[in-house]
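Single-structure report; data block below.
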Amino acid sequence: MAAFNFTPSDPSTFILMGIPGLEAAHIWISIPFSMFYIITLLGNFTLLCVVGKEQTLHKPMYLLLCMLALTDIATPTFVVLKALGIFWFNLKGISMAGCLTQMFFLHMVSVIHSATLVTMAFDRYVAICIPLRYTTILTNTRIAKLGLIGLIRAVLFILPLPVLMSQQPFCANRIIPHTQCEYIAVFKMTYGDITVTRIYGLVLMFVIKGFDLKLIALSYGLIITAILRIGSKNAHQKALNTCTTHICVMLTYYTSSIFSNLTYRFGQGIAPHVHIILADLYLLIPPMLNPIIYGIRTKELRDKVGKYICCRR
């Protein structure tokens, strides 16, 4: 692989260095990256195919799972393909437009993902707290509208980021010590008055993540209150089982997301390659685990996947 060197000399091009300090291990690091990506594609495409083919799964809960699966396919795709180009062929160059485009789509999909988790929490709230009105409140059409609102929200919130960044002057040495055009990594290459860009980035993180987490906490607070009022122990267990899967998915996403952001912003004593690996794992691990978690925890989906696999054989 060392024979391939396509690092451009154009000064307007950004250079993605991969994982600085671990260049000798890039080939070995590419192995888990590739495995995570392949498992992610297999799991999420299987989920999409099964839900698409099975009429009995054309319900709000499974449509939300499909929306989650689409974001889980998109997120690692934006990261892994470029990372593997760096690891395997030393394709480190990326234009400013390409860099800002990657940054926009990465963060946009992340916001859509978060909005989907909020909608899923609302779905569980309606299913447990007001089950008799579930079919009238959460129709497939309404779920599609909520998905469209989530997409519009993501575009409106994230679009100013690359626009603001494109107005900033960049250092002459346009080297990004990362595998991707992550916002903070690109932000560190700018100079001049960056107050507006800095404030907008911080506000964006706290408003979106904070607002979504508050809505999810409110939904589950109401769910727990409703569960405690149920007299039957079996009904308790059934209600809890419908929520634990969603809680597991939320924990894998929000925990890794918040931890990665905090270490990047405040973990100055942490080695740079640790920051980069954590940022990549945050974008690779949850999309890989989500279809596995739902496949194991949701009996109806598990049975349909088993039937689909057997038919394919």
Got a donor-acceptor contact below 3.5 angstrom from the [X] side chain to the [Y] backbone?
X	Y	value
Ser110	Leu106	no
His26	Ile19	yes
Lys82	Leu91	yes
Thr75	Asp72	no
Arg142	Ile137	yes
Gln102	Leu100	no
Thr139	Thr136	no
His58	Val51	yes
Asn44	Leu70	no

State plainly whether one hydrophobic cluster holds both [X] and [Y], where clusters connect Ile, Leu, Val, Met, Phe, Trp and Tyr through side-chain heavy atoms under 4.5 angstrom apart.
X	Y	answer
Phe211	Leu204	yes
Leu81	Ile27	yes
Trp88	Phe36	yes
Leu84	Trp28	no
Leu159	Phe105	yes

Carboxylate-amine/guanidinium contact Lys188 Glu182, below 4.0 Å: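 No, this pair does not count.
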
N-O pairing of Asp212 and Arg153 below 4.0 Å: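 Looking at Asp212 and Arg153, the cut-off is met.
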
Does Asn90 form a side chain to side chain contact (heavy atoms under 4.5 Å, CB included) with Lys92? I'd like the steps, not just the answer. CA-CA 6 Å; Asn90 208 28; Lys92 297 180 178 181; 2.7 Å; yes

Could you give me the CA-CA distance, side-chain angles and deciding distance for Met103 and Gln180, then say whether side chain to side chain contact (heavy atoms under 4.5 Å, CB included) is met? CA-CA 8 Å; Met103 183 176 70; Gln180 54 178 287; over 6 Å; no

For the pair Glu54 and Tyr62, evaluate side chain to side chain donor-acceptor pair (under 3.5 Å) and give the outcome as yes or no after the intermediate values. CA-CA 11 Å; Glu54 295 290 338; Tyr62 295 104; over 6 Å; no

So do [Y] and [X] actually touch side chain to side chain, heavy atoms under 4.5 Å?
X	Y	answer
Leu47	Leu301	yes
Thr13	Arg174	no
Tyr294	Leu68	yes
Ile143	Met67	yes
Cys99	Val186	yes
Met165	Thr190	yes
Thr46	Pro291	no
Pro60	Tyr134	yes

For [X] and [Y], which heavy atoms make the closest approach, and how far apart are they?
X	Y	result
Tyr183	Leu161	CE1-CD2, 3.4 Å
Pro131	Ile128	CD-O, 3.6 Å
Thr56	Lys304	OG1-CE, 3.4 Å
Ile276	Pro177	CD1-O, 2.8 Å

Verdict with supporting geometry, Leu48 and Ile73, side chain to side chain contact (heavy atoms under 4.5 Å, CB included): CA-CA 11 Å; Leu48 289 171; Ile73 291 169; 3.7 Å; yes

Polar side chain donor-acceptor pair, Tyr253 to Ser114, under 3.5 angstrom: no

Run the numbers on Thr179 and Leu16 for side chain to side chain contact (heavy atoms under 4.5 Å, CB included), then give the verdict. CA-CA 6 Å; Thr179 57; Leu16 288 167; over 6 Å; no

Report the distance from atom [atom1] of [X] to atom [atom2] of [Y], rounding to the nearest 0.5 Å.
X	Y	atom1	atom2	value
Ile293	Ile247	CD1	CD1	12.0 Å
Thr77	Leu41	OG1	CG	5.5 Å
Asp280	His178	CG	NE2	6.0 Å
Thr101	Met96	OG1	CE	11.5 Å
Ile112	Ile149	CD1	CD1	13.0 Å
Met120	Ser219	CE	OG	12.5 Å

Could you go step by step and tell me if Phe14 and Phe170 meet the ring pair (Phe, Tyr, Trp, His ring centres under 6.0 Å) rule? CA-CA 10 Å; Phe14 293 154; Phe170 288 92; 5.2 Å; yes

Residue Phe157 excluded, over 12 heavy atoms near CZ under 6.0 Å: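 Check fails, neighbour count at 12 or below.
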
